[in-house]
Amino acid sequence: MEKFKGLDEEKQQKILDAALLEFAEHGYKKASTNRIVKEAGIGKGMLFYYFKSKKDLYEFLAEYSLDFVVEKYFSRIDMTESDFIERLKHTSQLKFEAQTENKNVFNFLGTFMLTADFKLAPHIQKKYEAMQQKGNAMLYENVDLSLFRDDVNVQKAFKLIRWSIEGYQNELLHKLQGQSMASIDFDPYWEEFYEYLEILKKSFYKEGKRDQ
């Protein structure tokens, strides 16, 4: 991949975005390199000059996306926060920032994680499994379960809280699609988000633990 990495960053990103989008929308088998080169504005011969095959391109994207998520998202999470909702508040902000920086990576990984039409190379499979383990740890490791009401099923509460937060985040991304992120005032959205978090705390936490 050295030839590809020798391109300037703007050209690299244009090719990556076109390929990530194509695989995210069509999966591995139905993805078209013709559509990729058309979107990227390059000749098909150049794509295969940089990547020997469609398989090589897909595996490069997989590693690139996994590394992006770890570097821009997971590595920035504060694991010392033991309040589950506060941790999710923090992780949601970081995830949103990473998604706005490169939403194509997250769209690609969303289909990549579900696809059954491509067998990953062992080293990529190992990296993927490590990311999954890190993802679970960042959500549940060192969480203070004593914050939850005694009559609450904590495992189900975890899922409901996650679904609520992810649902709000996805709705916001959809609402802001196509807008210039630099021109958006995010303060009202974060204020609304924090209000929802307070409702979740009132629903699941013990009364004396909500404001700790």
Side-chain angles (χ1 to χ4, degrees), residues 1 4 9-32 35-36 39-40 51 54 57-79 87-118 120-121 123-140 158-159 161-184 186 189-190 192-193 196-197:
M1 309 303 170
F4 175 71
E9 287 188 13
E10 186 177 347
K11 288 182 179 178
Q12 282 188 43
Q13 199 60 55
K14 194 169 183 180
I15 295 169
L16 288 173
D17 286 341
L20 288 166
L21 181 64
E22 178 65 18
F23 285 116
E25 290 186 347
H26 301 282
Y28 176 74
K29 285 188 177 179
K30 293 183 179 179
S32 166
R35 286 193 293 260
I36 292 172
E39 180 69 23
F51 305 96
K54 179 179 172 181
L57 172 60
Y58 189 83
E59 290 190 334
F60 181 88
L61 294 176
E63 286 203 86
Y64 168 81
S65 298
L66 293 171
D67 289 341
F68 179 90
V69 169
V70 170
E71 178 187 350
K72 301 290 186 177
Y73 178 27
F74 285 0
S75 64
R76 299 173 61 199
I77 291 170
D78 179 12
M79 294 294 293
R87 186 183 293 183
L88 277 182
K89 172 182 173 181
H90 173 62
T91 59
S92 296
Q93 290 172 322
L94 294 177
K95 184 179 180 183
F96 186 81
E97 289 170 8
Q99 283 180 309
T100 53
E101 184 174 336
N102 196 329
K103 66 178 182 179
N104 290 321
V105 162
F106 287 85
N107 291 337
F108 171 79
L109 283 178
T111 55
F112 161 77
M113 291 174 178
L114 298 174
T115 188
D117 62 1
F118 186 87
L120 291 171
H123 72 284
I124 302 177
Q125 181 66 35
K126 187 175 181 180
K127 182 178 284 191
Y128 168 52
E129 291 170 358
M131 191 193 79
Q132 285 183 308
Q133 291 173 359
K134 192 174 182 70
N136 284 327
M138 78 176 192
L139 288 177
Y140 304 117
F158 280 161
K159 289 184 179 180
I161 293 167
R162 280 184 60 196
W163 292 339
S164 298
I165 291 175
E166 288 171 3
Y168 176 83
Q169 201 166 27
N170 290 334
E171 182 181 306
L172 181 58
L173 283 170
H174 180 73
K175 186 187 297 185
L176 300 178
Q177 190 171 6
Q179 297 186 43
S180 169
M181 293 297 166
S183 65
I184 298 171
F186 284 101
Y189 296 110
W190 287 123
E192 182 182 37
F193 177 60
Y196 286 128
L197 292 184

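These figures come from a predicted structure and were not determined experimentally.
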Engineer: Can a donor-acceptor pair be found, under 3.5 Å and without considering hydrogens, that links the side chain of Glu63 to the backbone of Ile124?
Structural biologist: no
Engineer: Which heavy atom of Met138 sits nearest to which heavy atom of Gly135, and what is that distance?
Structural biologist: CG-O, 3.0 Å
Engineer: Side chains of Val69 and Phe106: closer than 4.5 Å at any heavy-atom pair?
Structural biologist: yes
Engineer: Work out which heavy atom in Val105 is nearest to a heavy atom in Phe68; give both atom names and the distance.
Structural biologist: CG1-CD2, 3.8 Å
Engineer: Please lay out, stage by stage, how Phe74 and Thr91 fare under the test side chain to side chain contact (heavy atoms under 4.5 Å, CB included).
Structural biologist: CA-CA 8 Å; Phe74 285 0; Thr91 59; over 6 Å; no
Engineer: When rounded to the nearest 0.5 angstrom, what is the spacing between CD in Glu39 and CG in Leu20?
Structural biologist: 11.5 Å
Engineer: Determine the minimum heavy-atom distance between Ile36 and Ala18, stating which atoms define it.
Structural biologist: O-CB, 3.6 Å
Engineer: Quick one: pull up CG in Leu61 and CD in Glu22 and give me the separation to the nearest 0.5 Å.
Structural biologist: 11.0 Å
Engineer: What distance do Tyr140 atom OH and Arg162 atom CZ have between them, rounded to the nearest 0.5 Å?
Structural biologist: 4.0 Å
Engineer: Kindly give the heavy-atom pair with the smallest separation between Lys72 and Ala98, and that separation in Å.
Structural biologist: O-CB, 4.1 Å
Engineer: So how far is it from Asp17 CG to Gln12 CD, rounded to the nearest 0.5 Å?
Structural biologist: 11.5 Å
Engineer: For the residue pair Trp190 and Ser92, what are the closest heavy atoms and their distance?
Structural biologist: CH2-O, 4.3 Å
Engineer: Evaluate Gln13 against Asn102 for side chain to side chain contact (heavy atoms under 4.5 Å, CB included), listing each step before the verdict.
Structural biologist: CA-CA 10 Å; Gln13 199 60 55; Asn102 196 329; 3.3 Å; yes
Engineer: Begin with the C-alpha distance, continue with both residues' side-chain angles, and end with the deciding distance and a verdict on side chain to side chain contact (heavy atoms under 4.5 Å, CB included) for Val70 and Leu66.
Structural biologist: CA-CA 6 Å; Val70 170; Leu66 293 171; 5.7 Å; no
Engineer: As an exercise, state the distance from CE of Met79 to CZ of Arg87, rounded to the nearest 0.5 Å.
Structural biologist: 4.5 Å
Engineer: Testing the 3.5 Å rule here: is there a donor-acceptor pair between the side chains of Gln125 and Glu129?
Structural biologist: yes
Engineer: Consider ring-ring contact (aromatic ring centres under 6.0 Å, His included). Of Tyr58, Phe60, Tyr64, which one does Phe23 pass it with?
Structural biologist: Tyr58
Engineer: Do any N or O atoms from the side chain of Lys54 and from the backbone of Ala31 form a donor-acceptor pair under 3.5 angstrom?
Structural biologist: yes
Engineer: Can you tell me how far CD1 of Ile15 sits from CZ of Phe4, rounded to the nearest 0.5 angstrom?
Structural biologist: 5.0 Å
Engineer: Are any of the side-chain heavy atoms of Leu21 and Arg35 separated by less than 4.5 Å?
Structural biologist: no
Engineer: Check whether NZ of the Lys or CZ of the Arg Lys89 lies under 6.0 Å from the centre of the six-membered ring of Phe193 and within 45 degrees of that ring's axis.
Structural biologist: no
Engineer: Of the options Gln93, His90, Glu97, which is the one that meets Arg76 in a side-chain hydrogen bond (donor to acceptor under 3.5 Å, both in side chains)?
Structural biologist: Glu97
